[in-house]
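All values below were derived from every heavy atom in this structure, side-chain atoms included, with hydrogens, water molecules and symmetry-related copies excluded. Proteins get letters first, then strands, A, B, ... in listed order; numbering begins at 1 in each.
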Amino acid sequence: MDTLTFSGTAGIVVLSAYAAMMLLIGYFVGRGKQGTRHDMKGHYLAGGNLGVIVLFFTLYATQYSGNTVIGYAPQAYREGFPWWQSVTFFTAIIAGYMLFAPRLYVLAKKHSFITPTDWVRHRFGSPAVTLLAAFLMLWGLANYLLEQLIAMGHAITGLTGNTVPYQAGVAVFVCVMLTYSWMGGMRAVALTDVMQGVALLLGVLALLIGAFSLAGGSPVDTAQYLVDNEPEAMAVPSLTESINWLSMIIMVGVGLALYPHAIQRIYSARSERTLKRSLLPMVWMPLITAGVVFCIGMVGIRLFPGLSDSDAEQLVGMIANEVAGVNIVFYIAMVLLFGGVVAAIVSTADSVLLSFSSIVSQDIYARYVRPEASEHRQVLAGKIIGVVVVFGLLVLAWNPPSTLVNIFVLKIELLVQLAPAFILGLYWNRLAARPVFWGMAAGAALAGGMTIVGVEAIYGVHGGMVGLLLNLVICVVGSLLPHRTGVRPGPRGEEEVLPAVPDRG
Amino acid sequence: MPAPDNPSRSREPIRIPWIWAGLVALLVAGIPWYLPEGTIGPTVLGMPLWTWVTIGSSVALCAYLSWVLTRHWHLVEDIEEAEAAAPTSDTGADGTEGRH
């Protein structure tokens, strides 16, 4: 990314155009819809009234970041065919949604939930569980945001041919993001996601076409080349790696579906039908997005054999340099691609920031700091704290960690610990607050501890999944134990949801 | 939000065990645990057969989830459709819904 030879003035023009469009969208959305700036549901959930197309694109742009292109193609280069797991784990996120979204959507509408923590509070009635859940969410969101800021800086620097310094590039785009998020809230974030999603999708397809044309011959020839010359990239992995593959699918499938900004998109849907119709194309997007990025990584093995792990991080930039040199059409496509990458990173960051602000505003400020504050003031407090946090994270982003994928695993391993509170809590009335608290705390401590001491997995099973198993055992056993007087199991959930008619058909 | 008038139409994926059995089967089929490490095996269109099995299981998984989404998730749609058909329907961000 730091050595894009095709970039420079054209990159600056494209980035400026993207930034101007985002600001315009924020301005018109903020001006056009009453309540967008001042009431909680209007600002954080677009009034719970997003339609199919916008909801689809905001789900897409939130799930697939620019990092999916920049970080995952090198991963395919390093791991070979087993990285096809990225396609499956993105698909598994839809299965993850199906574990809880149908029922949570109904309850969110019924009780006007704004943050994911609203469900936890409603279900368990325990400040301890609610605060711990909010802490894990904020921790995960902050890490995720940091990752996006780092990726944003690299992408901008690369696209502008180092004419825009890393710090300045990030600062400018963060200001753009904060401005349109401030003006238009979720509605502006979702509408900019449409533009950002389209840019990323078209750019990635152009890169794939360019990469195959560079490699020469058909995709079959490239595959045959890999089998003949790089057989380890096409060979069956070890059993431990296969277990790791399955573990990754489950962890990402459940963990990403439980991301706070993903849950808030469930709340934002206008209707059940809208939500289903938006998720339907999402089922196929992994093939078109992660699958295409995977292919780019595999073609990269042929185009640039023998790169070290750290050199491979530059793979997308290296391919783009070559593709841009083919002709003027590919040149323009590559400039637009990297503009799309920056836009996609911004689109993920804005969703994360909005979700972060909503949790701070609703679950901390309005509940513990100023319970008497008006909605307008709550929204304002969330916005201000969001700005402070972003600039705090920027300081960290100036000295970024080296491998982006590792950071990604770190946050999801903690967020997946929310699964029992959300999934079991929705269906099992006996699930009690205290075991949920200790399960969540123990699971997060174990998963975090394993990461800190450098143990990523046990027999291929990720630390997050090991922590989740411990978490589940504590939740189930603790809830089945006889309760002391005055300690009651979860009071709400099953009885207020819709008729529990098993469908065998 | 009230319960639907016709609960027999109510469908929720979590309550249908075979959906999850099918899902696990597709996920497990997509991972080459059944072959020794390092196997490449016969190739089809330049790629090892096992990679086609993995790709095929991913495509089948997409199709399966689409089908589940379409056919087995139906909790409050009828109520919402009825409410949306009321005279004060709203148009939203993209204007694609709100009129049923």
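Counting heavy-atom pairs closer than 4.5 Å to chain B, the top-ranked of the candidates S242(A), P237(A), P102(A), S218(A) is P102(A). The residue among E241(A), M234(A), Q85(A) with the most heavy atom pairs within less than 4.5 Å of chain B is M234(A).
At a threshold of 4.0 Å, the pair E80(B)-K109(A) does not count as salt-bridged, since none of the basic side-chain nitrogens sits closer than that to a carboxylate oxygen.
The contact between I55(B) and chain A is made by backbone and side chain atoms together, counting heavy-atom distances below 4.5 Å. Residue W33(B) touches chain A through both its backbone and its side chain, counting heavy-atom pairs closer than 4.5 Å. Within the 4.5 angstrom heavy-atom criterion, only side-chain atoms of L287(A), from C-beta onward, approach chain B. Both the backbone and the side chain of L280(A) come within less than 4.5 Å of a heavy atom in chain B. With a threshold of 4.5 angstrom between heavy atoms, L279(A) approaches chain B through its backbone and through its side chain. Contacts of A190(A) with chain B are absent, with no heavy-atom separation under 4.5 Å from either backbone or side chain.
Among all heavy-atom pairs drawn from M47(B) and A223(A), the shortest one is CG-CB, 3.3 Å. Among all heavy-atom pairs drawn from W245(A) and G30(B), the shortest one is CZ2-O, 3.7 Å. The minimum heavy-atom distance between Q224(A) and T43(B), with the atom names listed, is OE1-OG1, 4.2 Å. Across all non-hydrogen atoms, the minimal contact from V227(A) to P48(B) is CG2-CD, 3.8 Å. Considering all non-hydrogen atoms of both residues, T91(A) and L65(B) come closest at O-CD1, 3.5 Å.
Checked by atom type, the side-chain pair W284(A)/S66(B) shows a donor-acceptor distance below 3.5 Å.
By the 4.5 Å heavy-atom criterion applied to side chains, F81(A) and T54(B) are counted as neighbours.
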